[in-house]
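Just so it is clear, the structure is predicted and the values come from calculations on it, not from any experiment.
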Amino acid sequence: MTTQHKHTYDQAGNQLCCTEATKIYTQAGAPELVDNQNKCKGHDHEGHDHTKHSDDDGHNHDHVAGSPLKLFAPAIISFVLLMAAIALDNWMAQEWFEGWIRVVWYVVAYVPVGFPVIKDAVVSIRKGDVFSEFLLMVIATLGAFAIGEYPEAVAVMLFYAVGEVFQTLAVSRAKGNIKALLDQRPDEVTILIDNQPQIIKAANAEIGYIIQLKPGEKLGLDGELLSDEASFNTAALTGESKPDRKSKGDSVLAGMINLNMVSMVKVTTSYTDSKLSKILELVQNATAQKAPTELFIRKFAKVYTPIVVFLAIGICLLPALFVADYMFSDWLYRALVFLVISCPCALVISIPLGYFGGIGAASRNGILFKGSNFLDTLATIQHVVMDKTGTMTEGIFQVQEVNFNSDFDQAVILKMVNALESKSTHPVATAIHQYVGEVDPNLRLDQVEEIGGHGLKAAVDGKQLLVGNFKLMDRFNVRYDIDPATIVYTVIAVAYDGQFVGYITIADSIKADALDTIKQLHKLNVKATMLSGDKSTVVRYVADQLGIDQAFGDLLPEDKVNKLKEIKAQHQRVAFVGDGVNDAPVVALSDVGIAMGGLGSDATIETADVVIQDDKPSKIPVAIRIGKQTKRVVWQNITLAFVIKGIVLILGAGGIATMWEAVFADVGVSLIAILNAVRIQKMKF
């Protein structure tokens, strides 16, 4: 049954199907390089999730269509026939190898590599894309046949076919590197049923099942560790090879590898909703958001190709009006050379491949980009604005001091505070819980309310309980006789029944790599500013320890927005680094939102443009360097293609360059650009 073909276009209005780039990406099993869709085979995949193909769906997007030997087979046949023909022409001339036999021999040599391109050109024209790369090659080679340049006609198409295979293999390798890195989900898991191990499909495991994980096995689903202790390799998720030790009750994630002993894990998330599934989907879809450079090149190629065709016609025919000894065959040859040189393959394939390589390099370092456009933006970042807690500090608080008025029973008040803080997910609540212990189940809280940027409010035995910062005390007109600015640590103020009870001091530790992060940012000429809702004294202390350029504390969410607006008003490109949830307004306002804690919050992955999975701030300058290097390689390829093609185009039009130089300007430049793009995946950042 034939399905109606549907043209597809990007947001710039450029056609995404029936092009050489689409053909190569499809052969390489990487259709996501053209917006995650394979649409050149008469069927539309819109809305289709490539991560959910079955094994028998009739088309596979994850593997090269055939082995390298199979891909090279037509070129090998053509090469053998061509070399034999050249030998019979020049080195061992035979009387029988002339006339129609010689023509047929070269035609047979041409067919293995030329017929697929002719077919693609016809299909492309039928779909409405007349001026495709395929048509340029067909016109050039058939024209060479027409003027008797048989060896060059076959050679041009042969090198074009070989170049296409190398391009396919390069794209396939880039795709394979990312897939091997991320698709770590095992197909099967061992679960315990009545204390008996049973192997089932990971996709069939339900929430609440108990997984038995042996040493060396990968966890198939997210869960909660039931064993007392376990050690995991988290490299697939974070890029960090250092073992991560987990204790009973800790969250463990799909893709982690159990290192030491048999462990028990209770499934808490379905297979399709695991963090690893979300990460894999994120990277698979990342190239759908094209960088401005990539969109420009596509738009350029759309206009450039027809112009080149008409220029070639002009080169062939117009000299008849001005040249005295005009010979049609000579000028046709020049026009054909011009056509071969002009193919924009080096640009339309190597540039998206460069961004694809950048996304792969980032994911290998535990950094996830939601689109290649963010690689471009990060490369130009001038100012990084960061949150404090959980970004530059560990976010693991410990109670330092409890300073309550002696008129109140400290134990009773602490129980109330512990019960109220249990309603919050803030790290401060965890510190208080660890200090006080289990929540008293007999303690009843009514009218619990969280007041953004201030703290928590509730009623206990009909009396108001306030737990938060001193702005909360001011808001409810609670009088206190201390100066909060004199206390260096984070302070939790407490009031009960309208009276100030006292305060609890809590301290957080600075992350081990935070100081190096700021040094690396300064080396990149990037300024650093810290914005926090924490006390100004605490924020200034942390900023001074790290060498941060500016620091502001005691900020509400709207204050952070205003501060960011002030920075952007200085015409600076700004990245904001935070938790991606509480700071959503600031993330939305920044040029790039970077989320720390990708392993801890689903909402973080949803909100941010870039996700740093292992919470290490040192990955911020790494992400910037990857963006800069990717952009550098992309522009190297653009410059290389334009300069070499420009030179050879002029030489070709002047009759100096032959088909052989034309082949280098097309296929040779394409291969150099592609190898340069693939280089990103091997770089260390």
Side chain to side chain contact (heavy atoms under 4.5 Å, CB included), that's the test. Do Thr380 and Asp376 meet it? Break it down for me.
CA-CA 7 Å; Thr380 60; Asp376 260 10; over 6 Å; no
Please walk me through it: do Leu378 and Ile594 pass side chain to side chain contact (heavy atoms under 4.5 Å, CB included)?
CA-CA 10 Å; Leu378 259 187; Ile594 304 176; 4.3 Å; yes
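Within 6.0 Å of NZ on Lys527 lie no more than 12 heavy atoms contributed by other residues, nucleotides or ligands. Counting heavy-atom neighbours within 6.0 Å of Tyr326 OH, excluding the residue itself, gives a total above 12.
Residues Ile118 and Tyr110 have side chains in contact (heavy-atom distance under 4.5 Å, counting atoms from C-beta outward). Using a 4.5 Å heavy-atom cutoff, the side chains of Tyr150 and Val107 are not in contact. Side chains of Lys568 and Asp591 form a contact here, defined as non-hydrogen atoms less than 4.5 Å apart. For the pair Val154/Leu81, no side-chain contact is recorded, criterion being any heavy-atom separation below 4.5 Å from C-beta on. When side chains are defined from C-beta on, Val384 counts as touching Ile624, because their heavy atoms get closer than 4.5 Å. Taking 4.5 Å as the limit, some side-chain heavy atom of Tyr106 sits within range of a side-chain heavy atom of Asp89.
Contact record, Val113 with Val117: O-CG2, 3.5 Å, taken as the closest heavy-atom pair. Across Ile315 and Trp331, no two heavy atoms sit closer than the pair O-CE3, 3.3 Å. Residue Ser618 comes nearest to Val622 through the heavy atom pair O-CG2, 3.4 Å, listed as atom of the first residue, atom of the second, then distance. In this structure, Leu521 and Ala528 approach most closely via the heavy-atom pair CD1-CB, 4.5 Å. Closest approach of Gln629 and Phe685 over heavy atoms only: CB-CE2, 3.7 Å. The two residues His383 and Gln572 come nearest to each other via the heavy atoms ND1-OE1, 2.9 Å.
Separation of atoms CD1 (Ile367) and CD1 (Ile626) is listed at 4.5 Å; rounding is to 0.5 Å. The distance from atom CD1 of Ile77 to atom CZ of Phe72, rounded to the nearest 0.5 Å, is 13.5 Å. The distance from the CG atom of Asn365 to the CD1 atom of Ile612 is 10.5 Å, given to the nearest 0.5 Å. Taken from OG in Ser590 to CD1 in Ile567, the straight-line distance is 10.5 Å, to the nearest 0.5 Å. The CG atom of Leu675 sits 8.0 Å away from the CD1 atom of Ile672 when rounded to the nearest 0.5 Å. From Met157, atom CE reaches atom CG of Leu142 across 7.0 Å, with rounding to the nearest 0.5 Å.
Take Ser329 and apply the side chain to side chain donor-acceptor pair (under 3.5 Å) test, not counting sequence neighbours, and it matches no residue. Every residue two or more places apart in sequence or in another chain that forms a side chain to side chain donor-acceptor pair (under 3.5 Å) with Arg679 is listed here: Gln636, Asn676. With sequence neighbours excluded, the residues forming a side chain to side chain donor-acceptor pair (under 3.5 Å) with Tyr333 are Glu152, listed by chain and number.
No side-chain donor-acceptor contact under 3.5 Å links Lys370 to the backbone of Val610.
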